[in-house]
Amino acid sequence: MLSNSEYNIQFDKIFSQALDLVNSSLNQPDIPYNERLNAALKVLEIGILSSQQKQLNSLLPEVIPSSDISPDPFLQNQQTEAIILNPDYVQLDNFLSEEDYQKLLKMTLANQDKFFPSEVINNESKYRESYILLPQHFVEFHELLTHQLLSVRPNVMQQLQMPMFLVSHLEMQITAHLQGGYYKIHQDVDAGKAANRRLTYVYYFYQEPKGFYGGDLRLYETKIQDNQSLIQERFNQIEPRNNSIIFFDSRCKHEVLPVYCPSQNFADSRFALNGWIHA
């Protein structure tokens with residue numbers, strides 16, 4: 001078995017070789033943008049995790065019995081005991097620079113005609129009222145936000161007391177809530193394509209002075225047992241502060257309270273760049 005120091009040296013060598021290979025690939029125009037972005041995401045993620053692992057290794061004995069390693073609770077399919085998820089969240093103000101915030105807002109308003117009505121997985125009517133802009137219309141900010149999200153993720157997960165995981169990919173979209181917009185109580189994970197969502201993020205931005213009111217996010221304490229999720233009495237209500245971002249466990253049930261926009265102008269809407277980090 002390798003010692004901690006030998007492990008670190010070997011990992012650094014492998015990581016350096018992988019980084020060289022990916023760097024050369026990122027400059028190849030014949031490789032699709034999404035593939036290059038995913039490659040860069042993987043390398044950044046591995047780098048962050050390896051740094052954390054080195055710090056952990058320095059605090060652990062040379063040999064750790066396998067029986068002492070706890071399983072990842074996300075990977076336990078059979079849930080017999082109830083899990084109570086607190087309505088905890090992390091909110092970071094001034095997430096983007098003033099220049100980037102203004103660019104994102106300007107770009108969003110310029111793409112008004114590219115937004116389309118949102119849908120829900122269960123196709124239930126009158127469950128959600130909002131409009132979506134897909135990431136191909138904001139490629140520059142997709143790269144910027146991906147880098148910043150992965151950079152703050154370790155600290156955010158530590159504050160939320162969530163187990164670390166290796167990222168597979170990020171989902172990202174811009175959501176506009178106009179006059180009367182809302183999203184009823186829901187959960188961001190399911191048994192299908194959204195099964196591996198772990199961390200939900202919502203970046204709020206809008207014009208100043210603020211042209212709407214309402215639109216708070218209500219995050220509920222959630223009981224999970226036998227593949228069922230039930231809201232509990234406790235909840236946190238989060239104001240959509242301009243140029244701030246929030247993070248929370250994707251399993252927590254939540255809702256967007258109704259938005260009221262007296263002018264009914266698109267430019268006065270509640271905008272959010274939101275998405276999910278997948279394991």
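Because the structure is predicted, anything quoted here is derived from the model rather than measured.
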Please report the shortest heavy-atom distance between [X] and [Y], naming the atom on each side.
| X | Y | answer |
| --- | --- | --- |
| Leu109 | Ala267 | CD2-CA, 3.7 Å |
| Leu160 | Phe247 | CD1-O, 4.1 Å |
| Ala195 | Arg198 | O-NH1, 3.4 Å |
| Gly211 | Cys261 | O-SG, 3.6 Å |

Could you tell me whether the side chains of [X] and [Y] share a donor-acceptor contact shorter than 3.5 Å?
| X | Y | answer |
| --- | --- | --- |
| Tyr101 | Asn242 | yes |
| Thr222 | Ser229 | no |
| Ser130 | Arg128 | yes |

Got more than 12 heavy atoms from elsewhere within 6.0 Å of [atom1], [X]?
| X | atom1 | value |
| --- | --- | --- |
| Gln158 | CD | no |
| Gln228 | CD | no |
| Gln136 | CD | yes |

Can [Y] be reached from [X] by stepping across I, L, V, M, F, W or Y side chains whose heavy atoms are under 4.5 Å apart?
| X | Y | answer |
| --- | --- | --- |
| Ile238 | Tyr220 | no |
| Ile174 | Val259 | no |
| Val202 | Val189 | no |
| Phe235 | Tyr89 | no |
| Phe95 | Leu170 | yes |

Heavy-atom check, side chain of [X] versus side chain of [Y], under 4.5 Å:
| X | Y | answer |
| --- | --- | --- |
| Asn86 | Arg234 | yes |
| Asp88 | Asp249 | no |
| Leu219 | Lys253 | no |
| Phe116 | Ile132 | yes |
| Ile246 | Leu217 | yes |
| Tyr182 | Glu255 | no |
| Gln207 | Asp268 | yes |
| Gln102 | Glu98 | yes |

With rounding to the nearest 0.5 Å, note down the distance linking [atom1] in [X] to [atom2] in [Y].
| X | Y | atom1 | atom2 | value |
| --- | --- | --- | --- | --- |
| Tyr260 | Tyr213 | OH | OH | 7.0 Å |
| Ser244 | Leu92 | OG | CG | 8.5 Å |
| Ile84 | Gln225 | CD1 | CD | 8.5 Å |
| Met172 | Leu133 | CE | CG | 12.0 Å |
| Leu85 | Met162 | CG | CE | 9.0 Å |
| Leu145 | Leu96 | CG | CG | 5.5 Å |

- Task: Go through the steps for Tyr203 and Tyr201 under the test ring-ring contact (aromatic ring centres under 6.0 Å, His included), then give the verdict.
- Result: CA-CA 7 Å; Tyr203 168 74; Tyr201 63 89; 9.6 Å; no
- Task: Run the ring-centre check on Tyr204 versus Tyr206 and record whether the distance is less than 6.0 Å.
- Result: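 Distance test on ring centres: not under 6.0 Å, no.
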Counting only N and O atoms by type, is there a donor-acceptor contact under 3.5 Å from the side chain of [X] to the main-chain atoms of [Y]?
| X | Y | value |
| --- | --- | --- |
| Asn111 | Met107 | yes |
| Asn236 | Pro87 | yes |
| Gln232 | Glu221 | no |

- Can you label the angle between the Phe248 ring and the His254 ring as parallel, tilted or perpendicular, going by 30° and 60°? perpendicular
- In terms of ring plane angle, is the pair His142 and Phe138 parallel, tilted or perpendicular, where the classes change at 30° and 60°? tilted
- Query: So is Lys210 actually on top of Phe212's ring, under 6.0 Å and inside 45° of the axis?
  - Reply: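 Here Lys210 passes the 6.0 Å and 45° test against Phe212.
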- Message: The criterion is salt bridge (charged side-chain N to carboxylate O under 4.0 Å, His left out); which residues satisfy it with Arg218, sequence neighbours excluded?
- Response: none
- Query: Asp93: what forms a salt bridge (charged side-chain N to carboxylate O under 4.0 Å, His left out) with it, not counting sequence neighbours?
  - Reply: Arg241
Give the table of side-chain donor-acceptor pairs shorter than 3.5 Å for residues 269-279, with sequence neighbours excluded, one pair per line with atom names and distance.
from: Ser269; atom 1: OG; to: Phe266; atom 2: O; distance (Å): 2.8
from: Arg270; atom 1: NE; to: Gly215; atom 2: O; distance (Å): 2.9
from: Arg270; atom 1: NH1; to: His177; atom 2: ND1; distance (Å): 3.1
from: Arg270; atom 1: NH2; to: Gly215; atom 2: O; distance (Å): 3.1
from: Asn274; atom 1: OD1; to: Thr175; atom 2: OG1; distance (Å): 2.7
from: Trp276; atom 1: NE1; to: Asp188; atom 2: OD2; distance (Å): 2.9
from: His278; atom 1: NE2; to: Glu171; atom 2: OE2; distance (Å): 2.6

